Amino acid sequence: MAKTNKDARPKARLPKGLRDIEAAELRAQNAMLDKIRGVYERYGFEPLETPAFEYTDALGKFLPDRDRPNEGVFSLQDEDEQWLSLRYDLTAPLARYVAQNFQTLTKPFRRYAVGRVWRNEKPGPGRFREFMQFDADTVGTDSVAADAEMCILAADTMEALGFERGEYVIKVSNRNVLDGTLEVIGVTDRRQQLAVLRAMDKLDRLGIEGVRELLGPGRRDESGDFTRGAGLTSEQVTIVLHQLEAAYDEKTTFDNKVQENLSSSRLRNEGLSELVEMRRIYTSAGYDDGQILINFGVVRGLEYYTGPVFEADITLDVKDEKGRPVRFGSVGGGGRYDDLVARFTGQKVPATGFSLGVSRLQAALTALGRTGSAAVGPVIVTVMEKEHIADYQKLVQTLRSSGIRAELYLGNPKKFGKQLEYADKRGSPCVVIQGSDEREKGEVTLKDLIEGAKAAAAIKDNKEWKETRPAQVSVKESDLVSEVRKILARHKS
RNA sequence: GCCGCCUUAGCUCAGGUGGUUAGAGCGCUAGAUUGUGGAUCUAGAGGUCCCCCGUUCAAGUCGGGGAGGCGGUACCA
């Protein structure tokens with residue numbers, strides 16, 4: 001290789017918020033995806049894959065008087081100077097797909113999709129700039145049964161991923177209820193409306209008093225930073241908080257709460273009766289308030305939800321490696337979005353969906369210490385005599401064709417100890433050894449590395465260690481496969 | 001974006017008030033042991049002390065600016 005100017009060499013580094021996913025984590029992720037896919041398939045959703053990037057306007061991002069399309073998305077320009085953006089979720093591409101293929105799709109259209117999405121935001125714990133989502137959506141029905149189904153799908157998925165009842169909760173609210181509240185307190189200014197909704201969204205994190213401050217004049221946090229409030233009067237604040245707290249009072253049944261909250265707002269009554277109907281459906285399907293819970297603090301994204309909204313939360317305390325509590329946020333969410341396809345076609349197409357944040361969920365599982373055990377490595381066939389390397393490769397192939405994960409030692413075979421060290425680091429269950437001694441007898445030596453490691457614990461002296469050669473047997477070469485299988489079976493757990 | 005803390009070997013971290021060749025543990029490489037993992041012992045490699053500017057006879061240490069990381073907060077379709 002040519003000498004390069006040291007200063008001209010690129011630095012090997014990763015952009016912030018992006019990460020490499022190595023073997024153990026990748027295997028765990030694939031296992032998760034299989035479980036989620038199993039649930040979604042069982043519910044009758046069909047798979048669909050769309051590209052990583054789309055035209056920026058198709059994603060719902062327009063180009064205002066700016067050089068760059070909206071911050072928050074990664075964008076690039078095509079050779080015809082049209083703006084493209086990496087998708088920031090899987091719902092916007094779905095809306096584009098449905099609009100484009102509306103004539104031929106069977107409605108209601110039910111599809112699931114899994115893939116990476118990108119957001120150009122500040123990364124944090126459980127927040128990445130590239131992460132994976134797993135979505136299910138039903139397009140073309142306004143039935144609340146579809147919304148209720150999303151909630152039970154979410155609950156089933158969490159349980160398929162190993163969460164017990166009580167370790168997660170699917171929280172449900174309805175955008176119409178929230179908008180109705182705004183109507184009742186007479187807030188019509190859009191900016192003030194948004195401020196009220198954002199404040200309500202923070203109930204879980206800041207508690208009722210924090211929300212009270214944010215609804216009123218504002219709140220100063222522990223870092224000394226001040227957040228401006230929504231500026232409501234104390235009467236308005238009381239009404240909003242009363243509604244928020246409704247879901248938190250476990251002594252009264254939900255239906256009583258709904259009665260209490262009925263008011264002059266037609267919107268709100270509509271939203272409440274939708275929630276009652278949804279609850280009737282998932283309760284009759286066997287799901288209780290421990291799994292799916294009405295909670296008016298659920299707001300979700302402000303832009304496109306039009307009816308029921310829900311989110312999946314882990315209720316366990318998550319701690320980082322130093323034992324400090326970590327706030328992960330919700331691991332999934334969704335809701336009804338009736339206007340998304342209409343953006344393209346002008347025709348209103350009701351839709352509802354659920355999106356699971358696979359990366360965040362996995363980060364939480366890792367922090368909870370619920371990571372799977374390490375995978376068993378391959379059987380290593382060692383090289384005792386270089387000139388017989390073809391024979392060793394044949395042994396490897398014999399194992400492989402019997403479905404056993406195996407490989408030939410491809411490093412420098414000069415030092416035999418190195419080969420065992422390599423096998424040990426790879427997590428091999430056993431190695432295959434054949435030197436001239438074994439070859440003359442038509443045998444191979446199998447060394448059980450897991451058994452051997454246990455035996456090693458009792459041995460202090462190196463001489464003894466070498467002479468005992470723990471946990472190894474010589475077997476006929478023709479019995480290679482069956483004998484290796486015996487060792488593998490011994491360590492299968 | 002705003003506020004706070006942090007940045008010294010591959011990793012985790014020591015280095016009162018500025019003062020020679022910047023250290024430890026773990027890891028890595030080699031040997032003791034040329035057909036056997038672990039343990040032990042020995043030796044070795046590995047550093048622009050995040051970057052730039054300034055103060056000073058002298059900066060890892062002090063000042064200013066910047067970058068990166070972590071946490072909080074805001075935003076989050």
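Fair warning: this is a prediction, and the values are worked out from it, not measured in the lab. Chain letters run A, B, ... following the sequence lines, proteins first and then strands; every chain starts at 1.
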For the P atoms, the ones on C57(B) and on G18(B), what distance do you get once it is rounded to whole angstrom?
15 Å
What's the gap between C26(B) and U21(B) when it is taken at their C1' atoms, as a whole Å value?
25 Å
Euclidean distance, atom CG of residue D424(A) to atom P of C28(B) [Å, nearest integer]:
11 Å
With respect to the side chain of E121(A), which nucleotide from A77(B), U36(B), A74(B) is positioned closest?
A77(B)
Under 4.0 angstrom between K425(A) side-chain N/O and C28(B) OP1 or OP2:
yes
I'd like to check the salt bridge (Lys or Arg N to Asp or Glu O under 4.0 Å) partners of R27(A); sequence neighbours left out, ordered by chain and number.
none
What contact category does D89(A) fall into here, base, sugar-phosphate, or nothing, at under 4.0 angstrom with non-hydrogen atoms?
nothing
What is the separation between atom CZ on R205(A) and atom C1' on C76(B), rounded to the nearest whole Å?
12 Å
In whole Å, what separates the C1' atom of C3(B) from that of A22(B)?
34 Å
Roughly how many Å is it from CZ in F131(A) to P in C76(B), rounded to a whole number?
15 Å
In whole angstrom, give me the gap between the C1' atoms of G47(B) and G60(B).
11 Å
Between the side chain of D424(A) and the main-chain N/O of L420(A), is any donor-acceptor distance below 3.5 Å?
no
Base, sugar-phosphate alone, or nothing: which one does D201(A) contact when heavy atoms must sit under 4.0 Å apart?
nothing
Can any side-chain N or O of D339(A) pair as donor or acceptor with the backbone N or O of A342(A) at less than 3.5 Å?
no
So, for F310(A) and G353(A), which heavy atoms are closest and what is the spacing to 0.1 Å?
CE1-O, 3.4 Å
Integer-rounded Å distance: A77(B) C1' and F53(A) CZ
20 Å
Return the nearest nucleotide to the side chain of S436(A); candidates are C75(B), G35(B), U36(B).
G35(B)
Taking only the side-chain heavy atoms of Q472(A) (C-beta and beyond), determine which of C76(B), U36(B), A77(B) contains the nearest atom.
U36(B)
Check side-chain contact (heavy atoms from CB on, under 4.5 Å) between F53(A) and all other residues, then give those that pass, not counting sequence neighbours.
L84(A), L86(A)
Using atom P in both nucleotides, what's the gap between G65(B) and C6(B) to the nearest angstrom?
16 Å
Out of G37(B), G35(B), G71(B), whichever nucleotide has its closest atom nearest the side chain of I433(A)
G35(B)
Nearest to the side chain of L206(A), heavy atoms from C-beta on, is which of U73(B), U36(B), G35(B)?
U73(B)
Which of the following nucleotides, U73(B), C76(B), U36(B), is nearest to the side chain of K447(A)?
U36(B)
So, OP1 or OP2 of U73(B): does either fall under 4.0 Å of a side-chain N or O from R228(A)?
no
Only counting residues at least two apart or in another chain, list the ones meeting salt bridge (Lys or Arg N to Asp or Glu O under 4.0 Å) with R426(A).
E407(A)
Is there a donor-acceptor pair closer than 3.5 Å between any side-chain N or O of D313(A) and the backbone N or O of T315(A)?
no
From CG of L214(A) over to P of U73(B), roughly how many Å is that when rounded to an integer?
11 Å
How many Å lie between CZ on R119(A) and P on A74(B), as a whole number?
18 Å
Centroid distance under 5.5 Å and plane angle under 30°, Y88(A) vs A77(B)
yes
How far, in whole Å, is A24(B) from C62(B) if one measures between their P atoms?
24 Å
List, with names and distances, any nitrogen or oxygen atoms from the protein found under 3.5 Å away from nitrogen or oxygen atoms belonging to nucleotides 30-34 of chain B.
residue, atom, partner, partner atom, Å
A30(B), OP2, K418(A), NZ, 3.0
G31(B), OP1, K415(A), NZ, 2.8
U33(B), O2, K466(A), NZ, 3.1

With no hydrogens and no angle check, just 3.5 Å: does a side-chain donor-acceptor pair link Y40(A) and D135(A)?
no
Categorize E385(A) for me: base, sugar-phosphate, or nothing, with a 4.0 angstrom heavy-atom threshold over every strand shown.
nothing
Exam field: side chain R228(A) to backbone P217(A), donor-acceptor pair closer than 3.5 Å:
no
Using a cut-off of strictly less than 4.0 Å, decide whether R198(A) has a side-chain nitrogen or oxygen near OP1 or OP2 of C76(B).
yes
Rounded to whole Å, please give me the gap between CD in E440(A) and P in G35(B).
16 Å
Per nearest nucleotide of RNA chain B, the residue lying toward the 5' end, A453(A) or W118(A), is A453(A)
With nearest nucleotide decided by heavy atoms, which residue, Q434(A) or A456(A), maps closer to the 5′ end of RNA chain B?
Q434(A)
Taking the P atom of each, how far is G66(B) from G1(B), in whole Å?
12 Å
I'd like to know if the side chain of R300(A) pairs up with that of S330(A) as donor and acceptor (distance under 3.5 Å, no hydrogens or angles considered).
yes
Given A74(B), U36(B), G35(B), the nucleotide with the shortest approach to the side chain of K202(A):
A74(B)
Where do E438(A) and G435(A) come nearest, in terms of heavy atoms and distance?
OE1-N, 2.9 Å
Pair assignment for RNA chain B - dot-bracket with | for other-strand partners, Watson-Crick or G-U under 3.5 Å:
(((((((..((((.....[...)))).(((((.......))))).....(((((..]....))))))))))))....
Using a 3.5 Å cut-off and no angle test, enumerate the donor-acceptor pairs between side-chain atoms of residues 474-482 of chain A and protein atoms at least two apart in sequence or in another chain.
residue, atom, partner, partner atom, Å
S474(A), OG, T445(A), OG1, 3.1
E477(A), OE1, Q434(A), NE2, 3.1
S482(A), OG, D479(A), O, 3.0

Send over the distance from E311(A) CD to C76(B) P, rounded to a whole Å.
14 Å
Same-atom distance (P) from U48(B) to U61(B), integer angstrom:
16 Å
Less than 4.0 angstrom between a side-chain N/O of R300(A) and OP1 or OP2 of C76(B), yes or no?
no
